[in-house]
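One-based numbering, in listed order, for ligands and for the atoms of each. Numbers here are sequence positions counted from 1.
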Amino acid sequence: MVFGILSNNEAKKERKGWMKQATEGPCNVPKPGVLDFINKAKWDAWNALGSLPKETARHNYVDLVSSLSASSESSIQVTPAADRKQPGSDALVVTSQDGITTITLNRPDKKNALTTQMYHDIMLALEAASKDDSAITVLTGNGDYYCSGNDLTNFTDIPPGGVEEKARSGAVLLRDFVDRFIDFPKPLVAVVNGPAVGISVTILGLFDIVYATDRATFHTPFSHLGQSPEGCSSYTFPKIMGPSKATEMLVFGKKLTAREACTQGLVTEVFPDSTFQKEVWVRLKAYSKLPPNAMRISKQVIRNTEKEKLHAINAEESNILRERWLSDECMNAVVSFLSKKAKL
Ligand SMILES: CCCCC/C=C/CC(=O)SCCNC(=O)CCNC(=O)[C@H](O)C(C)(C)COP(=O)(O)OP(=O)(O)OC[C@H]1O[C@@H](n2cnc3c(N)ncnc32)[C@H](O)[C@@H]1OP(=O)(O)O
């Protein structure tokens, strides 16, 4: 690792310097006045890097962010990739009963944020569910959240190929992950047991039914995070709710209540939190007794005409995100979250 352990303030100034060098090249602006302490400190950090190439600065910037995550002196606790939950661990629980296969996100202490391993495990679970003898597949969460979206510490796990390689492999994983939802052959139901954020919201447009507790909210803060829509939401959301409502969500990050999401067509039905689990499971058990082949074929009739288009949109969104993940805006948002300075 390029950097040792720095105090929070030192790290912040140093980070700014590396970030400016990585995005704008060598310092090219006049030195701020002596009384402009903050900007002068940032300028000093940038100027100190001389003519260091942008690419080197970018690598070092990422190393600094990673070292911040790993530092025992910082307030950030990041589980090293090697220690993250492995396949077959309890971060994802899959059960099959009464003709229903249920995939449960099970990191309640982290609001069910999705680690890289969980994306892989969900794909495996969907693959298995598509072939098992269940009639319906359900995705839900354990605890007070449905899912807080992509685990932002995924960004700190930089491979030897550097940040570009990380962005490239992330885009491939994202595309594969979303493709599984596009192609899933059986009725797919989201049981949204609490707030939903980011990718856990966008992929709802690819589900067949979305049931939500009245405690749930739906939030896609992509601009705040320097990112852009995924999960085919750039197509499904305008189609479901109209372009202007979709823009409020996907561009301006408007958070919807469950009832608003239902009015706009993203959610099928909202239930009172006190009876949510009971009512939803009674309903699903009844549906699961319907002839499975008829349900599968009816889903195909409804969905298949759009599959090709959805795959193309998924590919395009994933490519755009690959670029976004390398942007200054995105790196800053991740650093802010990891430094505990920002929450949604
Ligand atoms: C293959 C790659 C595909 C990538 C696809 C891209 C997808 C885009 C997205 O999904 S964008 C959405 C990203 N998510 C966020 O930005 C959410 C960040 N989290 C928060 O803002 C808040 O945690 C909260 C509003 C969800 C909940 O706030 P609350 O105060 O109720 O709870 P805490 O903040 O104390 O959370 C408890 C612990 O959980 C950790 N955590 C929550 N969400 C995430 C997350 N997305 N990534 C990483 N960690 C998360 C949080 O840090 C707390 O941890 P701690 O107890 O160790 O402090």
Side-chain angles (χ1 to χ4, degrees), residues 65 68-70 74-81 83-85 91 105-123 141-159 163 165-181 194-206 215-234 237 249-251 253 255 314-315 317-327 329-344:
V65 173
L68 253 180
S69 306
S74 81
S75 56
I76 304 160
Q77 298 290 323
V78 179
T79 311
D83 295 344
R84 286 192 197 141
K85 300 204 162 156
L105 308 174
N106 188 35
R107 285 181 88 209
D109 54 330
K110 298 287 180 188
K111 310 293 181 193
N112 296 324
L114 298 171
T115 61
T116 302
Q117 189 62 60
M118 286 166 78
Y119 288 106
H120 288 287
D121 288 349
I122 292 168
M123 289 195 283
N142 180 23
D144 62 340
Y145 257 66
Y146 174 65
C147 175
S148 63
N150 188 38
D151 187 312
L152 295 175
T153 68
N154 290 342
F155 286 107
T156 64
D157 194 7
I158 308 297
V163 64
E165 171 57 22
K166 176 78 190 168
R168 195 199 59 75
S169 63
V172 170
L173 178 58
L174 172 63
R175 184 176 169 180
D176 284 353
F177 179 75
V178 174
D179 274 348
R180 305 297 166 106
F181 287 86
V197 184
I199 189 164
S200 71
V201 177
T202 55
I203 55 170
L204 292 177
L206 301 171
R215 221 173 36 75
T217 52
F218 297 83
H219 195 188
T220 50
F222 298 127
S223 299
H224 300 72
L225 295 168
Q227 298 187 37
S228 50
E230 37 24 34
C232 295
S233 58
S234 62
F237 279 28
M249 276 193 88
L250 296 173
V251 179
K255 190 198 284 186
N314 181 29
E317 287 178 347
S318 301
N319 263 336
I320 292 170
L321 254 179
R322 181 167 55 87
E323 297 294 325
R324 282 279 88 211
W325 286 329
L326 296 172
S327 73
E329 291 176 343
C330 178
M331 288 188 188
N332 280 337
V334 172
V335 168
S336 285
F337 178 76
L338 294 177
S339 323
K340 305 277 182 208
K341 289 193 186 71
K343 245 183 220 192
L344 298 174

Q: Apply the side-chain contact (heavy atoms from CB on, under 4.5 Å) test between L105 and each candidate in L114, N142, D121; give the one that qualifies.
A: L114
Q: Please could you name the atoms of ligand 1 that K111 approaches to less than 4.0 Å, counting only its heavy atoms?
A: 31 (O), 32 (O), 36 (O), 37 (C), 42 (C)
Q: Applying a 4.0 Å heavy-atom criterion (strictly less than), which segment of L225 is in contact with ligand 1: side chain, backbone, both, or neither?
A: side chain
Q: Test your reading of the model: is there a side-chain donor-acceptor pair from S339 to the backbone of V335, 3.5 Å cut-off?
A: yes
Q: Below 4.0 angstrom from a heavy atom of Q227, which ligand 1 atoms are there? Numbered from 1 as shown, please.
A: 8 (C)
Q: Does N150, backbone or side chain, put an N or O under 3.5 Å from an N or O of ligand 1?
A: yes
Q: With respect to W325, which candidate in V334, V163, L174 satisfies the side-chain contact (heavy atoms from CB on, under 4.5 Å) definition?
A: L174
Q: Does a donor on one side chain and an acceptor on the other come within less than 3.5 Å for Y119 and N150?
A: yes
Q: Below the 3.5 angstrom mark, is there an N/O of W325, backbone or side chain, next to an N/O of ligand 1?
A: no
Q: Tell me if a side-chain donor or acceptor on E230 pairs with a main-chain N or O of L321 at a distance below 3.5 Å.
A: no
Q: Under 4.0 Å from ligand 1, counting heavy atoms only, is it the side chain of A113, its backbone, both or neither?
A: side chain
Q: Of the backbone atoms (N, CA, C, O) and the side-chain heavy atoms from C-beta on, which set of Y145 has a member under 4.0 Å from an atom of ligand 1: side chain, backbone, both, or neither?
A: side chain
Q: Which ligand 1 atoms are under 4.0 Å away from a heavy-atom of G149?
A: 10 (O)
Q: Can you tell me how far the CG atom of D151 sits from the OG1 atom of T115, to the nearest 0.5 Å?
A: 6.5 Å
Q: Under a 4.0 angstrom heavy-atom cut-off, which atoms of ligand 1 come close to D109?
A: 37 (C), 38 (C), 39 (O)
Q: Taking N112 for the side chain and Y146 for the main chain, is one N or O donor matched with an acceptor at less than 3.5 Å?
A: yes
Q: Please verify whether a non-hydrogen atom of F155 lies at under 4.0 Å from ligand 1.
A: no
Q: Atoms of ligand 1 less than 4.0 Å from L173 heavy atoms?
A: 1 (C)
Q: Regarding N319 and E323, do their side chains bring together a donor and an acceptor under 3.5 Å, going by distance alone?
A: no
Q: Test your reading of the structure: does L152 have an N or O sitting under 3.5 Å from an N or O of ligand 1?
A: yes
Q: Does any N or O in the side chain of K166 come within less than 3.5 Å of the main-chain N or O of F155, such that one atom is a donor and the other an acceptor?
A: no
Q: In ligand 1, which numbered atoms sit nearer than 4.0 Å to a non-hydrogen atom of G198?
A: 9 (C), 10 (O), 11 (S), 12 (C)
Q: Can an N or O of I199 be found at a distance shorter than 3.5 Å from an N or O of ligand 1?
A: yes
Q: Using a strict 4.0 Å cut-off to heavy atoms of S148, name the atoms of ligand 1 that fall inside it.
A: 13 (C), 14 (N), 15 (C), 17 (C), 26 (C), 42 (C), 43 (N), 44 (C), 45 (C), 46 (N)
Q: Between T220 and M249 (side chain of the first, backbone of the second, donor and acceptor by atom type, cut-off under 3.5 Å), is there such a pair?
A: yes
Q: What are the atoms of ligand 1, with element, lying closer than 4.0 Å to any heavy atom of G170?
A: 1 (C)
